[in-house]
Trainee: 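The structure is given below, and queries will be raised subsequently.
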Amino acid sequence: MSSNSKKHLGHTARKRFGQNFLHDQNVIHNIVAAINPQNGQYLLEIGPGLGALTEPVAELVDKLTVVELDRDLAERLRYHPFLNHKLTIIEQDALRFNFREYFEELDLVENQGVRVFGNLPYNISTPLMFHLFKFHDLVQDMHFMLQKEVVKRLCAAPNSKAYGRLTIMAQYYCQVMPVLEVPPSAFKPAPKVDSAVVRLVPYKQLPHPVKDIYWLNRVTTQAFNQRRKTLRNALSTLFSAEQLESLGIDLNARAENLALADYARLANWLCDNPPEVEKVEIDDLEDV
């Protein structure tokens, strides 16, 4: 190992990047087994960090692309004696990266999308997933380490407290499956919350397509921002009581009582009958 590679092996976790480095070998083995990387697939890791997942995945494949914002970690990967010749390093913020532009330049095998994985910084995990959903048609599957509570929300069913806008938006685009739970002790530094790995598989054909995703975002945001109110009151600026009833909605129901199909029906009605309300930008961190 060169002196250059040695000097980059030490790294202190940076709070501003939400860094918690995975070190438990059993957990790492189980995650890599769940991903099951194969040569010839296009694999992309978000936030490789110190390479806990990068190294075992790279042992199984010849090529791997990583997106890393931390310059020190990106440089460490460039000097890594085993990884450097296998990696394509994109030194950018994944939240602002145009994955579509990048993916469309690739020679992807027909019917085989990009396989995305990562131990996501918890402070950006939700907006990053929303960002990736925009490119769902180019993705084969995604495996992410997240807060356990976030995975519960992703997998939730109607009529539960965990069910919310994140549930609706994730399940609109993807099949969602919990993979395994991970204790804080598996990380350095140990986070204050439990973690879990989730598998997201984008649908080839959306089961409940909407005409304009803005209205699905808008109606779910408005409903869940006031989830204690009945839908008659929570959605009063978008629908009259008569309109909701004509769409088969119980006026006394609350946000968590409606299924994805119900929200898609409401969104499509709004697209065809836009209310006289200002179109506002929906915050991907807002009540998800």
Side-chain angles (χ1 to χ4, degrees), residues 95-96 100 123-137 139 142 146-147 149-176 198 200-288:
L95 269 175
R96 292 174 174 79
R100 181 169 302 281
N123 57 342
I124 65 157
S125 62
T126 298
L128 183 53
M129 280 188 289
F130 272 76
H131 183 55
L132 285 163
F133 292 155
K134 297 171 189 171
F135 316 108
H136 68 99
D137 54 312
V139 175
M142 298 179 273
L146 303 165
Q147 283 187 42
E149 287 305 309
V150 173
V151 172
K152 276 187 179 177
R153 282 189 273 163
L154 287 167
C155 300
N159 305 308
S160 66
K161 285 184 179 178
Y163 187 74
R165 187 166 78 93
L166 178 60
T167 317
I168 299 290
M169 300 312 295
Q171 294 181 15
Y172 174 78
Y173 289 111
C174 304
Q175 287 179 282
V176 184
V198 68
L200 302 161
V201 182
Y203 291 109
K204 299 248 185 260
Q205 287 189 306
L206 297 173
H208 304 289
V210 299
K211 298 172 185 178
D212 184 345
I213 197 67
Y214 171 81
W215 289 113
L216 183 61
N217 258 314
R218 178 69 184 262
V219 72
T220 52
T221 298
Q222 192 155 324
F224 284 101
N225 275 356
Q226 306 174 80
R227 63 187 299 154
R228 291 185 181 180
K229 290 186 177 181
T230 64
L231 290 172
R232 175 208 287 263
N233 294 323
L235 300 178
S236 61
T237 61
L238 300 176
F239 302 91
S240 69
E242 293 74 23
Q243 288 165 345
L244 285 173
E245 283 188 314
S246 73
L247 290 164
I249 304 300
D250 178 354
L251 297 181
N252 293 315
R254 289 177 166 76
E256 67 266 21
N257 302 134
L258 298 195
L260 167 58
D262 298 316
Y263 280 110
R265 191 165 65 254
L266 293 175
N268 283 329
W269 190 91
L270 287 171
C271 186
D272 292 336
N273 306 273
E276 293 182 5
V277 293
E278 183 184 355
K279 265 200 163 190
V280 294
E281 190 172 334
I282 306 297
D283 184 354
D284 288 345
L285 283 170
E286 189 176 3
D287 191 44
V288 291

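Below, all heavy atoms of this structure are taken into account, side chains as well, without hydrogens, waters or symmetry copies. Residue numbers count from 1 along this sequence.
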Trainee: Locate the shortest heavy-atom distance separating Ala255 from Ala223; write the atom from each residue and the value.
Mentor: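 That would be CB-O, 3.5 Å.
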Trainee: Look up atom CD1 in Ile168 and atom CZ in Arg153, then write down how far apart they are to the nearest 0.5 Å.
Mentor: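 It comes to 13.5 Å.
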Trainee: Can you classify the ring geometry of Phe130 versus Phe133 as parallel (below 30°), tilted (30 to 60°) or perpendicular (above 60°)?
Mentor: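 Tilted, since the angle between the ring planes falls between 30° and 60°.
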Trainee: Hey, are the side chains of Val219 and Phe239 touching, using non-hydrogen atoms and a 4.5 Å cut-off?
Mentor: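 Side chain of Val219 against side chain of Phe239, heavy atoms only: contact under 4.5 Å found.
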Trainee: Quick one: does Gln222's side chain have a donor or acceptor within less than 3.5 Å of a partner on Ala234's backbone?
Mentor: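 Indeed, once roles are kept as given, a pair shorter than 3.5 Å links the two residues.
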Trainee: Extract all donor-acceptor atom pairs below 3.5 Å that involve side chains of residues 265-273 and protein atoms in other chains or at least two apart in sequence.
Mentor:
residue : atom : partner : partner atom : Å
Arg265  : NE   : Leu247  : O            : 2.9
Arg265  : NH1  : Asp262  : OD1          : 3.4
Arg265  : NH2  : Leu247  : O            : 3.0
Arg265  : NH2  : Asp262  : OD1          : 2.9
Asn268  : OD1  : Lys211  : N            : 2.7
Asn268  : ND2  : Pro209  : O            : 3.2
Asn268  : ND2  : Ala264  : O            : 3.4
Asp272  : OD1  : Lys211  : NZ           : 3.1
Asp272  : OD2  : Lys211  : NZ           : 2.6
Asn273  : ND2  : Trp269  : O            : 2.9

Trainee: How far does CE of Met129 sit from CG of Leu154, to the nearest 0.5 angstrom?
Mentor: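 If we round to the nearest 0.5 Å, Met129:CE and Leu154:CG are 4.5 Å apart.
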Trainee: Does the pair Leu231 and Leu258 meet the rule for a side-chain contact (heavy atoms from CB on, under 4.5 Å), with working shown?
Mentor: CA-CA 10 Å; Leu231 290 172; Leu258 298 195; 3.5 Å; yes
Trainee: Measure from the side-chain N and O atoms of Gln171 to the backbone N and O of Ala157, and report whether any donor-acceptor pair falls under 3.5 Å.
Mentor: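 Side chain of Gln171 to backbone of Ala157: no pair is present.
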Trainee: Give a yes or no answer on whether the side chain of Arg232 reaches the backbone of Leu244 with a donor-acceptor pair at less than 3.5 Å.
Mentor: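 No, the answer is negative, given that no donor and acceptor are paired below the 3.5 Å cut-off.
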Trainee: For residues Arg227 and Ser160, report the shortest heavy-atom separation together with the two atoms involved.
Mentor: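 What the structure gives for the nearest pair is NH2-O, 3.8 Å.
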Trainee: Taking side-chain hydrogen bond (donor to acceptor under 3.5 Å, both in side chains) as the definition, give me every residue that meets it alongside Tyr263, ordered by chain and number, with sequence neighbours left out.
Mentor: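 Result, side-chain hydrogen bond (donor to acceptor under 3.5 Å, both in side chains) vs Tyr263: none returned.
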Trainee: For the CG atom of Asn257 and the OH atom of Tyr163, what is their distance to the nearest 0.5 Å?
Mentor: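 Rounded to the nearest 0.5 Å, the CG-OH separation comes to 9.5 Å.
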Trainee: Check Leu238 against Pro275 and note the closest heavy-atom contact, atom names and distance.
Mentor: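 It is CD2-CG, 3.8 Å.
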Trainee: Rounded to the nearest 0.5 Å, how far apart are NE2 of His136 and CG of Leu206?
Mentor: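 It is 5.0 Å, given to the nearest 0.5 Å.
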Trainee: Within the 4.5 Å heavy-atom criterion, are Lys134 and Arg100 side-chain neighbours or not?
Mentor: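 No, too far: nothing below the 4.5 Å cut-off.
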Trainee: Identify the two heavy atoms, one from Tyr172 and one from Ile213, that lie closest to each other, and give their separation to 0.1 Å.
Mentor: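 That closest heavy-atom pairing would be CE2-CD1, 3.6 Å.
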Trainee: Less than 3.5 Å apart, any donor N or O on the side chain of Arg165 or Asn217 sitting next to an acceptor on the other?
Mentor: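 Note: Arg165 and Asn217 side chains meet the donor-acceptor criterion.
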Trainee: Which distance, rounded to the nearest 0.5 Å, do you find between the CZ of Arg254 and the CG of Asn159?
Mentor: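 So the gap between those two atoms works out to 12.0 Å.
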Trainee: Asp250: which residues meet the side-chain hydrogen bond (donor to acceptor under 3.5 Å, both in side chains) condition with it, sequence neighbours left out?
Mentor: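 For Asp250 there are no side-chain hydrogen bond (donor to acceptor under 3.5 Å, both in side chains) partners, ignoring immediate neighbours.
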Trainee: OG1/Thr221 to OH/Tyr214 distance, rounded to the nearest 0.5 angstrom?
Mentor: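 Answer for the OG1-OH pair, Thr221 versus Tyr214, is 8.5 Å.
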Trainee: Closest approach of Asn252 and Thr230, non-hydrogen atoms and distance?
Mentor: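 Answer, listing the atom of Asn252 first, then Thr230: O-CG2, 3.9 Å.
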